[in-house]
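Remember, it's 1-based here, ligands and their atoms both numbered in the order they're listed.
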Amino acid sequence: MNKIKDETWIWWKHGVIYHIYPRSFQDSDGDGIGDIRGIIRRLAYLKELGIDGIWISPMYRSPMVDFGYDVSDYREIDPVFGTMGDFRELLATAHGMGIRVILDMILNHTSSLHPWFIESASSAENPKRNWYIWKDGAAGRPPNNWNSAYGGNAWKLDEKTGQYYLHSFFEQQPDLNWRDPELPGVFFEEMKFWLDMGVDGFRLDVINLIAKDKKFRSNPLVFGIPALQRHVYTRNRKWSVTLVTRIRELLDLYDERVSIAEIYAPPPGDVKTVARYLAKGTNGVHLAFDFSLIFSSWNAHSYFRNITKWYESLPGGGWPCNVLSNHDLLRSIDRFPWHRDREAKAKVAATLLLTMKGTPFIYYGEEIGMHNGSIRRKNIRDPLGKRYWPLFSGRDKARTPMQWNPGLNGGFTGGKPWLPLNRDTVHRNVRQQEGEASSLLNHYRNVIRVRRIHSSLQSGAWIPALNGKNGILAYYRVNERERLLVILNFTGRQKILTLPEHTGGKVLSSTHRGYEEFNYFQNVKIEAFEASVWLVIE
Ligand code: BGC
């Protein structure tokens, strides 16, 4: 494949990244849970898709209360996923194929079974006591009103020492104290362990929670309701940007590594807050997720507004990254409204993700339009689902096993899958879509192929052409080599379009057109939910 890679090609900026939830991607040993050898087996599929890097949700040793986001040893692979030998093989094989490997790094908290916490909890005088956040209660009550993101007060009383410890998530996930003078250095050694091995970077889990108010002031309540608080003293503190800068400095000791911050800023899509974490020169992280695409309503103008706001908020030198879904949210295809035309909408969204400015992240299964699983109560695995059912059934829906083929368990496992396969696996799977020219999977492959050949899609300027008010979002991607035009019809109606400039074009990829070339972009019929990429001929 002809790939334009000039000297300025930077894999994490210009490539395409794929997010793997390892429990659900591919099982190799029949225990019903995905593993590293399964990922190795599927690298060829990812290569064919055109992927440059994978981000794998945590695989460290863990009691799995939060399925790996509760780590008990940062230098070990959990046996459920395989061995360190398997991981080294994954790294070497992926690198040999030109695929980078990004790990998830959880700095805000460990598992309560991490030896650091066990020591810290053992007595108030333990040398590691201050590695976690311990406080006395106030008149028999928790030290302040801080809430856990997963419900209830964030402080847990430890009967033995009579003090409370902070847990911003489950009580089995105690928060680390980054103000301790020793802890950051110790933690950075854990990160270096993987960087020295050749890991290409980290996705930084809930990194905006890492710095808490020094004075432990209570958060202001919304309408006086304790469960509804503005996290002014617990999230996005100025000091978290300083800490992130230290992480960046660590990564910059190595070549071509990336840091990607997960920052949910209230209200969803508060891009100004997200942008504060992004690199100005060497400060801040390389990338920070903008979740505003996820929270955009299905409307071309709403996408346009969110995208422009995001781009305008970026500091000089800051680079956007874009995502449609992840392991904590609903599947993107099910967020598009009205059950009609979802497949067509998924193609429009995919084209946007892959041609707008910024690094695209694809959540596993999105490329075949995987739906939310329908999980019965007895099958719920996510502790959030168990806690809040039936008000909220948890995050399992977006974590069901990858649908590879129409055979037993969709080709995911020969055993009993840890979550049931989606019912539509027989007719929605990789094998079936590979054989169908107009499938969503082939659409992803085509657009990624065009993106690889046309450097303007990787690094060119983004120049809006139509702001979506008439249902069509259109923009140019431009560099010194070429000018591309992307036209996305978000509506189910045909539109007639004339561009103000007298330019011609030829189709590079389209949901509705074969190869076409014409002299003037005048009175062109844009079909319902058409997503086309044109090379502009001046
Ligand atoms: C991860 C979640 C996890 C939480 C606590 C998040 O942002 O994506 O899956 O439960 O951090 O670690």
Of all pairs that satisfy salt bridge (Lys or Arg N to Asp or Glu O under 4.0 Å), the ones with a partner from residues 376-390, not counting sequence neighbours: Asp382-Arg395

Just list the side-chain donor-acceptor pairs under 3.5 Å for residues 192-199, sequence neighbours left out, or say none.
residue: Lys192; atom: NZ; partner: Glu189; partner atom: OE2; Å: 3.0
residue: Trp194; atom: NE1; partner: Tyr74; partner atom: O; Å: 2.8
residue: Asp196; atom: OD1; partner: Tyr254; partner atom: OH; Å: 2.7

Trp134/Phe117 aromatic ring centres below 6.0 Å: yes

Inter- and intrachain pairs under salt bridge (Lys or Arg N to Asp or Glu O under 4.0 Å), touching residues 101-121, at least two apart: Asp104-Arg203, Glu119-Lys128

Ring-ring centroid check Tyr233 Phe216, cutoff 6.0 Å: no

Plane angle bin for Tyr150 and Phe170 - parallel if under 30°, tilted between 30 and 60°, otherwise perpendicular: tilted

Using a 3.5 Å cut-off on N/O to N/O, what pairs does ligand 1 make with the protein? A line per pair would be great.
residue: ligand 1; atom: 7 (O); partner: Asp205; partner atom: OD1; Å: 3.3
residue: ligand 1; atom: 7 (O); partner: Glu262; partner atom: OE1; Å: 2.6
residue: ligand 1; atom: 7 (O); partner: Glu262; partner atom: OE2; Å: 2.6
residue: ligand 1; atom: 8 (O); partner: Arg203; partner atom: NH2; Å: 3.1
residue: ligand 1; atom: 8 (O); partner: His327; partner atom: NE2; Å: 2.8
residue: ligand 1; atom: 8 (O); partner: Asp328; partner atom: OD2; Å: 2.5
residue: ligand 1; atom: 9 (O); partner: His327; partner atom: NE2; Å: 3.1
residue: ligand 1; atom: 9 (O); partner: Asp328; partner atom: OD1; Å: 2.8
residue: ligand 1; atom: 9 (O); partner: Arg395; partner atom: NH1; Å: 3.4
residue: ligand 1; atom: 10 (O); partner: Asp66; partner atom: OD1; Å: 3.4
residue: ligand 1; atom: 10 (O); partner: Asp66; partner atom: OD2; Å: 2.5
residue: ligand 1; atom: 10 (O); partner: Tyr150; partner atom: OH; Å: 2.5
residue: ligand 1; atom: 10 (O); partner: Arg395; partner atom: NH1; Å: 3.0
residue: ligand 1; atom: 11 (O); partner: Asp205; partner atom: OD1; Å: 2.9
residue: ligand 1; atom: 11 (O); partner: Asp205; partner atom: OD2; Å: 3.2
residue: ligand 1; atom: 12 (O); partner: His109; partner atom: NE2; Å: 3.0
residue: ligand 1; atom: 12 (O); partner: Asp205; partner atom: OD2; Å: 2.8

